[in-house]
Amino acid sequence: MEIIREIINFASKPELLITAAAILLLISLKFPGRFYTNRTAILVFGGMFLFLGLSVLDKNFRLIVTKADNVPIVGMLFLVPFFTWFSLREAVRNDERAARGATLIEQEETSEKVLTWPDLVYTELICMVLLTVLLIGWSMALKAPIEEPANPTASPNPAKAPWYFLGLQEMLVYFDPWLAGVVFPGLIIVGLGAIPYLDTNPRGNGYFTLKERKSAITIFLFGFLILWILLVILGTFLRGPNWNFFGPYEYWDLHKLEALVNVNLSEYIWVKGLHTGLPTNPIVREMFGFIIILVYFLTIPTLMAKKWFKEFYNSLGPIRYHVMMFLLLSMAALPIKMVLRWLFNLKYIVGIPEYFFNI
Amino acid sequence: MSTEIPNEGHKKPPIPTPAKKVPAMNIERRGDRLYQVINLHKWFAISSLLLFIFTAAMVWVDYARQWKGYQRQFNRMQIEKANQDKAKASASFDRAKFDQLAAQLKQADAQMQQHEADIKQAQKKIDDIKAKFYGVNQNFQFQKAKYDAKKYEYDEAFAHKAANVNKVKAELDEIGKQMDGYAAQRDQLTLDQRAAEAELNKYVGARNEAQKAQADLSTEYNRTQTRLNTLNPGLIINSFRNAPVLDMLNASEKVQQVILPNLYYDHPFKQIPRVDRCKTCHQGIDVKGFESAPQPFTTHPNLDLYLAASSPHPTESFGCTSCHAGLDRAVDFNTAGHTPHDEKQREDWAKKYKWGE
């Protein structure tokens, strides 16, 4: 029993958890016919219920999972995979039907347009009433987790953002506040708002499909599930005092210490590579980092447009193409920085603490 | 990216058309609607009923507070104590003396009947004097009001050395003389009334004395009975005034608090006075006679030193948390800041109240 706990504690380390989840997601989208079936759903959700049911027996696990503020995340743990699975299963079925030339699932229900009343508004009303019932019941069962009056001299440890911001807080592990707290959230909102203008492809409107929108769905699911939901879950359940990592069965020990041995790119090049001291001028010191960032954002889109994304570039036009590539590269910066941190202990690519400018 | 079908500009590609037209599912049962309306009605009824039940439950959960149970319990204890007091008063009641007084009363009543005409006359005299007194007294009061107003006028004139100061003084004296005249009339009427009452008393004095002695005998009993009526005004009144929503008017079960303006929490830019609500549950804390009652009703030790208004540490200015600490506003066992005094109590509390640090 203890060994299984140790294994799960070890396997839920951020680097392993995020990598495994990302690989699993990409493989499942590569072979959707194998993954998004009723059989895998029974296996996966059965396994999750079994895991939760057995794990609740553990004192440390129970303490974290049953905290009133964490209960919604437990619900999310089931709801998000369920709806992802459900829509992709429908997509797989539709794709298979389309390949045969048969009618789609949605067309089978009705190929006509449906009435606003009662088909839409009435069902929405019923849904609202039932959700109000759920919220009232919830508020009765779990009291609001109000704590003692705030005291500026005693901040709680861990100081956690509201659950929906824990993904952002987890980004702070890898990026400076101005990036993780300002630029990335801004880009997320701008990027989501820009989707209708960047992606005008109407395929998939009104029916489930994966084949016709494979890259769009893959990018979205990677960003939403791995870079947002998974980070929220990680921040909620696996980050304890001092934002240290704690396995699901580990006691949140205030005194746990982790060695901070992260190194800047400039230190790698000047100190370890060239065996000299760091130049005093920060611009000279960080020039390699600047070059890498510029190359990343300026050359990759152009190169891609010439080689692999030719068709894509032609269909979008230069402006939409470059805006989209900028957003995609910004999004990719997060997993890239994560991997660099895990593999090389890389702290900053550009690190100028003198001007609070760290990337 | 290459697997995706490229976007053909703004042209809307057709939704893949089925090979052959298939009739929609259950179309004959659902008419031209997507859902059968009767099913939607059913679901609407079920959800509305659920919403009603849950809303009622919400009101109940909000209403049923831990401290109300304690107040009800203490109320029962007080009723029990008042009943004991009443029984004690009843036991020490001097029945023989009461009966003797009743005999005296009967005798006095018989005597009064013989002097009925005299009593009537005396009573009429008193009533007349009272009627006259009313008018005279009013005259006196009006005259006094005029006198006070004139006095102010005179004082002002005197202070400013006005030319008409002597004239005003004369007017003031004139009004004062009239006022004194009314006062003398009033005093005379008062004396007359006393004499008339003494006259009446000759006939009814014996009866009044016997009545008063009887009332004195049952004072303690009546006091306990009144207290019982206050403590327990009956199920209907109690449940009405403590009902949800109606309890905003004048509930008997309510949070009891002491506001301590001189003891405050020092928050950034804001000082918030402490509000001790401990008495909400610790109802017997300053009431003598609950020394051996179970917690939370036990009387505080050394009432002459603590809590009592005459003690050096009255509740009104010291509250509870200034000595005992804890969260002043909390009215729940676990949030108030109770701490067990040994390991056994910790376990008991954990079991009983789900207490934890």
Side-chain angles (χ1 to χ4, degrees), chain A residues 94 97-98 100-104 106-112 114-115 117-120 122-123 125-137 139-141 143 146 148-152 199-203 205-207 209 211-216 304 308-312 314-316, chain B residues 1-27 30 32-37 39-62 265-268 272 327-330 332 335 337:
Chain A
N94 263 351
R97 281 168 184 237
R100 274 195 285 126
T103 44
L104 301 183
E106 291 81 6
Q107 288 170 329
E108 215 162 69
E109 274 180 345
T110 180
S111 49
E112 312 278 313
V114 296
L115 298 168
W117 177 271
D119 291 327
L120 178 68
Y122 204 178
T123 47
L125 175 71
I126 293 168
C127 183
M128 276 192 276
V129 173
L130 284 176
L131 282 176
T132 311
V133 168
L134 178 77
L135 286 178
I136 293 175
S139 70
M140 285 189 292
K143 298 274 179 266
I146 297 171
E148 63 272 18
N151 182 349
D199 177 12
T200 52
N201 188 347
R203 284 186 182 278
N205 284 1
Y207 60 99
T209 176
K211 212 179 247 170
E212 293 174 24
R213 302 307 314 269
K214 198 155 195 171
S215 52
M304 297 278 244
W308 300 287
F309 283 3
K310 225 179 226 166
E311 220 174 333
F312 191 55
N314 289 337
S315 74
L316 279 182
Chain B
M1 292 283 170
S2 51
T3 54
E4 182 154 346
I5 297 163
N7 177 20
E8 300 111 14
H10 290 284
K11 258 190 297 168
K12 189 175 175 171
I15 291 174
T17 41
K20 59 182 168 71
K21 183 89 179 162
V22 190
M25 288 185 295
N26 300 332
I27 191 73
R30 55 189 167 91
D32 60 346
R33 310 262 164 84
L34 183 59
Y35 303 108
Q36 284 187 62
V37 175
N39 281 343
L40 292 178
H41 287 336
K42 268 184 212 155
W43 275 105
F44 183 57
I46 292 169
S47 61
S48 305
L49 201 66
L50 276 176
L51 184 63
F52 176 75
I53 293 168
F54 272 69
T55 308
M58 177 186 71
V59 172
W60 177 253
V61 168
D62 184 55
Y265 287 110
D266 209 354
H267 288 306
I272 296 167
L327 186 59
D328 52 339
R329 283 165 169 81
D332 182 89
T335 51

Inset, instruction - Against chain A, work out which of I46(B), V61(B), L51(B) has the most heavy-atom pairs shorter than 4.5 Å and name it. - result: L51(B)
Inset, instruction - With a 4.5 angstrom heavy-atom cut-off, could you sort out which part of L125(A) is near chain B: side chain, backbone, both or neither? - result: side chain
Legend entry - Contacts of type side chain to side chain contact (heavy atoms under 4.5 Å, CB included), residue D62(B), not counting sequence neighbours: R65(B)
Legend entry - Sequence-distant partners of Y35(B), side chain to side chain contact (heavy atoms under 4.5 Å, CB included), two or more places apart: D119(A), T123(A), L40(B)
Inset, instruction - Considering only NZ, NE, NH1 and NH2 on the basic side and carboxylate oxygens on the acidic side, decide whether D332(B) and K143(A) come within less than 4.0 Å. - result: no
Inset, instruction - Counting only heavy atoms closer than 4.5 Å, note whether L50(B) contacts chain A via side chain, backbone, both or neither. - result: both
Inset, instruction - Would you mind checking if E108(A) and R97(A) are paired as a salt bridge, meaning a charged N to carboxylate O distance below 4.0 Å? - result: yes
